[in-house]
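Worksheet for the structure shown next.
Order of the sequence lines fixes the chain letters, A, B, ..., with proteins taken first and strands second; residue numbering starts at 1 for each chain. All values below were derived from every heavy atom in this structure, side-chain atoms included, with hydrogens, water molecules and symmetry-related copies excluded.
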Protein chains: 2
Amino acid sequence: MANARSASRALSMFETFGAEGRPLLLTELAPLIDVPLSSCHGLVRTLLDRGYLYALSRRRGFYPTRKLYTLAQTIAAKDSYLQRLAPFLERLRDDSGETVIVGTLQGEAVLYLEVLEGPKTIRYSARPGDFKPLHSSAIGKALLSAGGEALWKKLAARPLSDVTVNTITDPAHLRDNLEEGARRGYFVTRGENVSDVTAIATALEVEGMTLGIAIAGPSYRMAETIEAQTGRLLQARSEIEERLG
Amino acid sequence: MANARSASRALSMFETFGAEGRPLLLTELAPLIDVPLSSCHGLVRTLLDRGYLYALSRRRGFYPTRKLYTLAQTIAAKDSYLQRLAPFLERLRDDSGETVIVGTLQGEAVLYLEVLEGPKTIRYSARPGDFKPLHSSAIGKALLSAGGEALWKKLAARPLSDVTVNTITDPAHLRDNLEEGARRGYFVTRGENVSDVTAIATALEVEGMTLGIAIAGPSYRMAETIEAQTGRLLQARSEIEERLG
DNA sequence: GAATAAGTTTCAGTATATTGAAAGATAGAC
DNA sequence: GTCTATCTTTCAATATACTGAAACTTATTC
């Protein structure tokens, strides 16, 4: 995948501004996004011309305008698909007190579509757009199980990476784990994706799209409450499938 | 300007999603952003791979994830330059009851950096990232006057476009208008940029950067209150330059 | 105020992203 | 269950965006 290069670079640029959080000179920006100076200049010029970047007074660098923000706001506000899920997810977050996540299969990974972080100070924290491995995340397991033999074969073609020390890297072991989850109706990861994090997940269909929905939190808290949390999760799934199916 | 093509296309794509507000099929998206299907495919693939787009169930198209939104939020929250201006601008908007705008010179146009829309139903409405002509907008006149002879020459090299029927298109007339504004300390447009809109603006320096700040509203309302509004505008300028200079 | 350093811009050759056309999937119709 | 229309993906030729080096600015130092 080497096409749309400058599009990818533009995203890197915005991500860099987000990470640095301050105006950047061309000569600072170029190495940060690993782009030759002259190419970076062309990219910056394009974004200036389109109103996505503004130049501070000479020699003081550039920063994104609010144009990207208002655009992203408009886009997010019109995502009717996720919007319809929102009330159910909010309730689940409030009832569980933990972070609630919606993910989908993208390529051979889970793509997080929505993350509603719980109210606690110590909580599972992630962002929409993050990718997680199929074999180590709770949603990943749920989607893997729902994805059938074809998906399993794609995944098993390569060795399973060890994300943490607890990650299941043996295919046979993972298969057992998935079958167990399928029997129970929900899937669990205990520190397999992030140390000290336990998550439970299940798959569901909304308007023909297969989603994974999860409750995730620190293992010490999840351990005590896992039965109640599982009840809430499965309850939410039923409600969503019934109302939105 | 023909470089960074795919970056520009990616922006067009996001703008199209914002305008359409619904998932789009590849075959819908490609003509909307005027890109060949195969190129559009490459672009979409890149954005999928980076987590900025998600695919609905097969054949139901794509839509941006919230990743762009959270990123833009982070970036906007860290714009310390505009952030420092915010309290002054908010006060000005509240006191004037009209839309307050901050713009800067970008190329040969005004780039809107911040727009705080007034509370009234009929109000001047615009977005950050918008470009406005130098010769017909109030901020444009303020920046044009501040920009000196060099800027004037660049502008006068081409004929002045007639944005509305009231736009001043005669350079000599415009010069008089600018001189008058420079004497008074503020610049006015009466339906020259948008019919029925009157705006007043002045230039100021904040941390070495020349900005234009404006109050804009429907002419019928601005006509009655222009003296009070001008007082507020110039007051705000003094305060900002004194505190942030 | 001259010299120096730092940042910005330009340009032609070249690597490479883009394209059109055709093959490959997939969902729904019959 | 087969067919058909529609959408998606691939691929090699080509147009073009990218690069490196050098010139040009503009701020800062001495």
Side-chain angles (χ1 to χ4, degrees), chain A residues 1-13 16 20 22-50 53-63 105-108 147-151 153-154 205 207-210, chain B residues 1-13 16 20 22-50 53-63 105-108 147-148 150-151 154 205 207-210:
Chain A
M1 205 271 329
N3 56 4
R5 178 150 65 168
S6 68
S8 199
R9 286 173 168 181
L11 296 176
S12 298
M13 203 201 70
T16 299
E20 295 288 323
R22 63 187 174 88
L24 295 170
L25 297 165
L26 210 47
T27 44
E28 294 180 287
L29 186 59
L32 281 170
I33 58 176
D34 198 28
V35 167
L37 196 59
S38 52
S39 309
C40 191
H41 174 258
L43 179 61
V44 165
R45 161 84 60 126
T46 297
L47 297 184
L48 284 169
D49 287 349
R50 294 198 59 143
L53 231 49
Y54 70 99
L56 288 269
S57 57
R58 284 231 179 292
R59 286 307 157 76
R60 301 185 62 161
F62 307 93
Y63 200 77
L105 183 68
Q106 187 120 296
E108 289 182 39
E149 201 58 28
L151 182 60
K153 273 185 183 146
K154 273 208 289 182
E205 289 251 325
E207 295 175 28
M209 185 177 182
T210 304
Chain B
M1 204 271 330
N3 54 5
R5 178 148 65 168
S6 68
S8 200
R9 286 173 167 181
L11 296 176
S12 298
M13 203 201 71
T16 299
E20 295 288 324
R22 63 189 173 89
L24 295 169
L25 296 166
L26 210 47
T27 44
E28 294 180 287
L29 185 59
L32 281 170
I33 58 176
D34 198 28
V35 167
L37 196 60
S38 54
S39 310
C40 191
H41 174 258
L43 180 61
V44 164
R45 160 85 61 127
T46 297
L47 297 183
L48 284 169
D49 286 349
R50 294 197 59 142
L53 232 48
Y54 70 98
L56 288 270
S57 58
R58 283 232 181 295
R59 285 305 158 79
R60 301 185 64 160
F62 307 93
Y63 200 77
L105 183 69
Q106 187 121 293
E108 290 182 39
L151 182 59
K154 273 208 289 182
E205 290 250 324
E207 295 175 25
M209 185 176 181
T210 304

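Remark: B/Glu205 engages no residue in a salt bridge (charged side-chain N to carboxylate O under 4.0 Å, His left out) (not counting sequence neighbours). With sequence neighbours left out, A/Arg9 forms a salt bridge (charged side-chain N to carboxylate O under 4.0 Å, His left out) with no residue at all. A/Thr16 pairs by the side chain to side chain contact (heavy atoms under 4.5 Å, CB included) definition with A/Glu20, A/Leu24, A/Leu29, A/Leu32, A/Ile33, not counting sequence neighbours. When the side chain to side chain contact (heavy atoms under 4.5 Å, CB included) test is applied to B/Leu11, the partners found at least two apart in sequence or on another chain are A/Leu47, A/Arg50, A/Tyr52. In this structure, the side chain to side chain contact (heavy atoms under 4.5 Å, CB included) partners of A/Glu108, at least two apart in sequence or on a different chain, are A/Lys154, A/Arg158.
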What nitrogen or oxygen pairs link the protein and nucleotides 9-14 of chain C at under 3.5 Å?
from, atom 1, to, atom 2, distance (Å)
C/dT9, OP2, A/His41, NE2, 3.1

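Neither OP1 nor OP2 of D/dA17 sits under 4.0 Å from any side-chain N or O of A/Ser6.
With rounding to whole Å, B/Leu29 atom CG is found 19 Å from D/dT6 atom P. The distance from atom CZ of B/Arg9 to atom P of D/dT16 is 10 Å, rounded to the nearest whole Å. Spacing between atom CG of A/Leu56 and atom P of D/dA27 amounts to 14 Å, rounded to whole angstrom units. In this entry the distance linking CD of A/Glu28 with C1' of C/dT8 reads 14 Å, nearest Å.
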Is there a side-chain contact (heavy atoms from CB on, under 4.5 Å) between B/Met13 and B/Leu53? Walk through the geometry before answering. CA-CA 11 Å; B/Met13 203 201 71; B/Leu53 232 48; 3.7 Å; yes

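Of all nucleotides listed (C/dG20, C/dG7, D/dC18), D/dC18 comes nearest to the side chain of A/Arg5. When the nucleotides C/dG7, D/dG20, C/dT18 are ranked by their closest atom to the side chain of A/Leu25, C/dG7 comes out on top.
Looking at heavy-atom distances under 4.0 Å, A/Arg60 makes no contact with the nucleic acid at all.
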